[in-house]
Student: 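This structure is in structure tokens; I'll ask about it shortly.
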Number of protein chains: 2
Amino acid sequence: MQMKQVKDYKQAFHECLKRMGLRSTVQRDVIVDEFFAQDRHLTPEELYRILRRKHRRIGFSTVYRTLKLLTGCSLVREVGTSNGTTLFEASFNHPHHDHLICDCCGKLIEFLDQEIESIQERVALKHQFHMTGHRLIIQGICRECIKKGKS
Amino acid sequence: MQMKQVKDYKQAFHECLKRMGLRSTVQRDVIVDEFFAQDRHLTPEELYRILRRKHRRIGFSTVYRTLKLLTGCSLVREVGTSNGTTLFEASFNHPHHDHLICDCCGKLIEFLDQEIESIQERVALKHQFHMTGHRLIIQGICRECIKKGKS
DNA sequence: GTTAATGCAAAACTTTTGCAAATTG
DNA sequence: CAATTTGCAAAAGTTTTGCATTAAC
């Protein structure tokens, strides 16, 4: 099962590169592998630090450039910004969802509410908008932080 | 009517400053006035450029510091980020709402859907989250851009 | 062998901060 | 007059870019 999944995102990436007339490189493979292995929200900086531990010769710019590529291939999406840096998450085999974010500890919880989804389409329709996507973030304090009385 | 409104946000600002033990200054007044006169979404840089045209002696840092203050006083809120810079909008006498944003021309349309609002509270409750706010942005192509075929 | 991609360092951004001078209450 | 706020310049961040070198097709 694990292998199937691994094969899939990589295959999709290589196909996308080929379609765009771009080349597959060692660095691009290493980056996409590490990103999908982590299986969580990452900033470019976190990803870079993880990569450096395992593969000495990787540049920050390559990480940025590859994340942009992956976004273009719809394998990765920008979730939002946290403390001025962009947060990315895998979107391949990871269907759309929204987020609860804890103002206190920064924890991110994913959720999907079908009603919200369909109301959004209705709103877009009403304004004669061709909806291409959306982003919903609910801010608040999570259960653990409430318990700890951290406000 | 116009005068009433003008008096209100300024009064609220001064009261908030006093409450926090902070001082009213010429610069803070100029900035809040200009922000509310514009009555639209602004980046710190746009606001600064507008201010500079009218009042030569204003520093960029003061604009940033005052925007932060105004946010703390709930007179202004952060709407999101556009091209790496923060977008602010007036929130005094400007109740909560969400946004449709055109990927093509950048136009921002405000909307409010009560159903979405209440479902969000339900979602927060389900995850035992104490919701303090939320942000919903629907991306897409607006009617005008569709017509112009700008895709 | 062409052409594209990399790593590095430097640049370009936005936002924050330290500090002497000015302004406020 | 004591304490806060300002403007400036410099720092601190993140992200992008220019360019010689390396790697892919």
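Chain letters run A, B, ... following the sequence lines, proteins first and then strands; every chain starts at 1. None of these values were measured; they are calculated from a predicted model.
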Student: For Arg23(B) and for Arg28(A), locate the closest nucleotide of DNA chain C by heavy-atom distance; then report the residue assigned to the nucleotide nearer the 5' terminus.
Tutor: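 Between the two, 5'-proximity favours Arg28(A).
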Student: Quick check for you: among dT6(C), dC8(D), dC25(D), whose closest atom lies nearest to any side-chain atom of Thr25(A)?
Tutor: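 Within the option list, the nearest is dT6(C).
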Student: With under 30° as parallel and over 60° as perpendicular, where do the rings of Phe36(A) and Phe92(A) fit, or are they tilted in between?
Tutor: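 Phe36(A) and Phe92(A): perpendicular rings.
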Student: Would you tell me whether Glu117(A) and His96(A) have side-chain atoms, one donor and one acceptor, within less than 3.5 Å of each other?
Tutor: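 Looking only at side-chain atoms, His96(A) and Glu117(A) do form a donor-acceptor pair, the distance falling under 3.5 Å.
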Student: For Phe13(B) and dT5(D), give me the distance from atom CZ to atom C1', rounded to whole Å.
Tutor: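 Distance check: Phe13(B) CZ to dT5(D) C1' gives 12 Å.
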Student: Round to a whole Å and report the spacing from CD1 of Ile58(A) to P of dT6(C).
Tutor: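 Checked: the CD1 to P distance equals 9 Å.
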Student: Let me check something: any side-chain donor-acceptor pairs from residues 18-29 of chain B under 3.5 Å, sequence neighbours excluded? List them with distances.
Tutor:
{"from": "Thr25(B)", "atom 1": "OG1", "to": "Arg28(B)", "atom 2": "N", "distance (Å)": "3.1"}
{"from": "Arg28(B)", "atom 1": "NH1", "to": "Arg23(B)", "atom 2": "O", "distance (Å)": "2.6"}
{"from": "Asp29(B)", "atom 1": "OD1", "to": "His14(B)", "atom 2": "NE2", "distance (Å)": "2.8"}

Student: Does the plane of the ring in His94(A) sit parallel, tilted or perpendicular to the ring in His97(A)? Use 30° and 60° as the thresholds.
Tutor: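 It falls in the tilted class, 30° to 60°.
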Student: Under 6.0 Å between ring centres, would you say that holds for Tyr64(A) and Phe60(A)?
Tutor: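 Yes, ring centres under 6.0 Å apart.
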Student: Just how far, in rounded Å, is C1' of dA5(C) from CD1 of Ile31(A)?
Tutor: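 The answer, rounded to whole Å, is 11 Å.
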Student: Is the shortest side-chain N/O distance from Tyr64(B) to OP1 or OP2 of dT15(C) below 4.0 Å?
Tutor: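 Yes, because at least one side-chain N or O of Tyr64(B) sits under 4.0 Å from OP1 or OP2 of dT15(C).
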Student: Please classify the nucleic acid contact of Thr43(A) as base, sugar-phosphate, or nothing, using heavy-atom distances under 4.0 Å.
Tutor: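 Thr43(A): no heavy atom of the nucleic acid under 4.0 Å.
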Student: Could you state the atom-to-atom distance from CE of Met20(B) to C1' of dT24(C) in whole Å?
Tutor: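 Rounded to whole Å, this separation is 18 Å.
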Student: Which nucleotide in the set dT24(C), dT15(C), dT15(D) lies at the smallest distance from any side-chain heavy atom of Thr85(B)?
Tutor: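 The nucleotide sitting nearest to the side chain is dT15(C).
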Student: Which whole-number value in Å describes the distance from Arg49(B) CZ to dC13(C) P?
Tutor: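 My rounded result for the distance is 13 Å.
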Student: Mind checking Arg65(B) for me? I need base, sugar-phosphate or nothing, with any heavy atom below 4.0 Å counting as a touch.
Tutor: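 Contact class for Arg65(B): base.
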Student: How many whole angstroms separate atom CG of Asp29(A) from atom P of dA23(D)?
Tutor: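 Going from Asp29(A) (CG) to dA23(D) (P), I get 15 Å.
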Student: Given dT15(D), dT16(C), dT6(C), identify the nucleotide with an atom nearest to the side chain of Lys68(B).
Tutor: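 Comparing dT15(D), dT16(C), dT6(C) against the side chain of Lys68(B), the answer is dT16(C).
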Student: How long is the line joining CG of Leu22(B) and P of dA2(D), in whole Å?
Tutor: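 Going from Leu22(B) (CG) to dA2(D) (P), I get 21 Å.
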Student: How close or far is atom P of dG13(D) from atom CD of Glu45(A), stated in whole angstroms?
Tutor: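 Between P of dG13(D) and CD of Glu45(A): 10 Å.
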Student: Quick one: on DNA chain C, does Ser61(B) or Gln27(B) contact a more 5' nucleotide (nearest heavy atom)?
Tutor: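 Going by which nucleotide is closer to the 5' end, it is Ser61(B).
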